[in-house]
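Side chains are part of it too, since the values below use all heavy atoms of this structure and drop only hydrogens, waters and symmetry mates. Letters go in sequence order (proteins before strands), and every chain restarts at 1.
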2 protein chains.
Amino acid sequence: MKEIEKTLENKNVRPTAMRILIYKYMAEKEIAVALTDIENAFAKSDRTTLYRTLKTFEEKGIVHQIDDGTSTTKYALCEPGCNCEIEQDLHLHFHCSNCNETVCLTEHKIPHINLPDGYVAEDANLVLKGICDKCSRQ
Amino acid sequence: MKEIEKTLENKNVRPTAMRILIYKYMAEKEIAVALTDIENAFAKSDRTTLYRTLKTFEEKGIVHQIDDGTSTTKYALCEPGCNCEIEQDLHLHFHCSNCNETVCLTEHKIPHINLPDGYVAEDANLVLKGICDKCSRQ
DNA sequence: GCAATAAATGCACTTCTGTTGCATCAAAAT
DNA sequence: ATTTTGATGCAACAGAAGTGCATTTATTGC
Ligand SMILES: [Mn+2]
Ligand SMILES: [Mn+2]
Ligand SMILES: [Zn+2]
Ligand SMILES: [Zn+2]
């Protein structure tokens, strides 16, 4: 608990009760979560607050946004040592079409791509879809 | 015009007036288009019809859907010879953060990725974001 | 501690995109 | 010509994202 407070403070985010709860929630899940997931997890919560909390977390490099191809944006805690604010950590993401969960594969970086002349890449998003390890082992 | 009719018929899609217009519109643009783009291009058009037309086109392998990370789904005509219905053509897409246009880079296939044990990939989406050739030459 | 100030939260409401149900219209088959 | 099928148009809905403003809570300077 004190741990989380310190983490937030280190990132210049005031550790309010709600923020600590959200951080804790995300830390316990190993999968990426949507705004609605958090909303459902905390009955007594306001969507806007959660929304703005995630936005703040993202701006301060505490979480990163994931576009997994479903229509809902997901979020996941950044790895310790990740410097999202400064430069993107271009790892890939996996979305399971069976359990609908999305995970960060932080060890798997997006390979460098040679683009046609004139194109300058600044960011990249690679999402693989299929069956995740949990689902395939059943 | 007759060309388009034949193309549609070959894909088992009845060449109605609206469908021919939509196909023509997409063929003239070299960039991926959103439902709203088509809607705006044809004053006298109904969103639902356009929506269902794109859906039909996709099912019949005439267009493919593109998730470029903006909140709106884009569509682009499939290359002649592309067999989307049977197996995905996993080329990459480029989204320009300056002009906001998305293009297919059909020559650039998504590289094979080695996944951790248990993960089975069936589909992949790779979008590069940055400055496109048109914008970088200015 | 207390007033002034700034930040965080909660509520209401809006916009945008995608989607469905159902009635109507047009085309194809018998 | 009648039946049947497919396409279109209107209306309404759902989900996610985002904004404005009032209120509450925390922080700062005195
Ligand atoms: Mn991630
Ligand atoms: Mn494409
Ligand atoms: Zn799974
Ligand atoms: Zn551009």
K.L.:
To the nearest Å, give me how far apart CZ (A/R47) and P (C/dA8) are.
P.N.:
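Checked: the CZ to P distance equals 21 Å.
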K.L.:
Would a 4.5 Å heavy-atom cut-off, applied to side chains only, mark B/Y75 and B/I38 as touching?
P.N.:
no
K.L.:
Report the distance from atom CG of A/L50 to atom P of C/dA8, rounded to the nearest whole Å.
P.N.:
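Going from CG in A/L50 over to P in C/dA8 covers 15 Å.
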K.L.:
Taking the nucleotide of DNA chain D with the nearest heavy atom to each, does A/K74 or B/T16 sit closer to the 5' end?
P.N.:
B/T16
K.L.:
Is there a side-chain contact between B/I62 and B/Y23 in this structure, where contact means two heavy atoms from C-beta onward sitting under 4.5 Å apart?
P.N.:
yes
K.L.:
Going by heavy atoms in the side chains, are A/P116 and B/D133 under 4.5 Å from each other?
P.N.:
no
K.L.:
Which whole-number value in Å describes the distance from A/E59 CD to C/dA7 P?
P.N.:
13 Å
K.L.:
Please list, in 5' to 3' order, the outermost nucleotides of DNA chain D lying under 4.0 Å from any heavy atom of chain B.
P.N.:
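Terminal contacting nucleotides, 5' to 3': D/dG6 to D/dA11.
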K.L.:
Measure across B/I110 and B/A124 and return the closest heavy-atom pair with its distance rounded to 0.1 Å.
P.N.:
CD1-O, 3.8 Å
K.L.:
Which is true for A/T56 with a 4.0 Å heavy-atom rule: it touches a base, it touches only sugar-phosphate, or it touches nothing?
P.N.:
nothing
K.L.:
Nearest whole angstrom, please: distance from the C1' of C/dC11 to the OH of A/Y51.
P.N.:
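Taking atom C1' of C/dC11 as the reference, OH of A/Y51 is at 16 Å.
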K.L.:
Tell me, do A/E122 and B/L128 make a side-chain contact under 4.5 Å, heavy atoms counted?
P.N.:
no
K.L.:
Would you say B/F42 and B/L21 make side-chain contact, with heavy atoms under 4.5 Å?
P.N.:
yes
K.L.:
Rounded to whole angstrom units, what separation is found between the CG atom of B/N100 and the P atom of C/dC16?
P.N.:
15 Å
K.L.:
Could you go through A/H91 and A/H64, starting from their C-alpha distance and side-chain angles, then the distance that decides it, and tell me whether this counts as side chain to side chain donor-acceptor pair (under 3.5 Å)?
P.N.:
CA-CA 11 Å; A/H91 58 269; A/H64 62 278; 3.2 Å; yes
K.L.:
Rounded to the Å, how far apart are A/L21 CG and C/dT9 C1'?
P.N.:
14 Å
K.L.:
Could you write out each protein N or O paired with an N or O of nucleotides 21-28 of chain C at a distance under 3.5 Å?
P.N.:
unit_1	atom_1	unit_2	atom_2	d
C/dG21	O6	B/R52	NH2	3.1

K.L.:
Ignoring backbone atoms, establish whether B/T73 has a side-chain N or O less than 4.0 Å from OP1 or OP2 of C/dT17.
P.N.:
no
K.L.:
Taking atom P of C/dT9 as reference, at what distance in whole Å does atom CG of A/D46 sit?
P.N.:
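That distance rounds to 10 Å.
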K.L.:
Taking only the side-chain nitrogens and oxygens of B/S71, find out if one of them lies under 4.0 Å from OP1 or OP2 of C/dC16.
P.N.:
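For B/S71, the contact criterion (side-chain N or O under 4.0 Å from OP1 or OP2 of C/dC16) is not met.
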K.L.:
In whole angstrom, give the distance that lies between atom CD1 of A/I22 and atom P of C/dA8.
P.N.:
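The distance from CD1 of A/I22 to P of C/dA8 comes to 13 Å, rounded to the nearest Å.
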K.L.:
Within the 4.5 Å heavy-atom criterion, are A/I20 and A/E5 side-chain neighbours or not?
P.N.:
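A side-chain contact exists here, since the closest heavy-atom pair is under 4.5 Å.
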K.L.:
Establish, from distance only, whether the side-chain atoms of B/T102 and B/H95 form a donor-acceptor pair under 3.5 Å.
P.N.:
yes
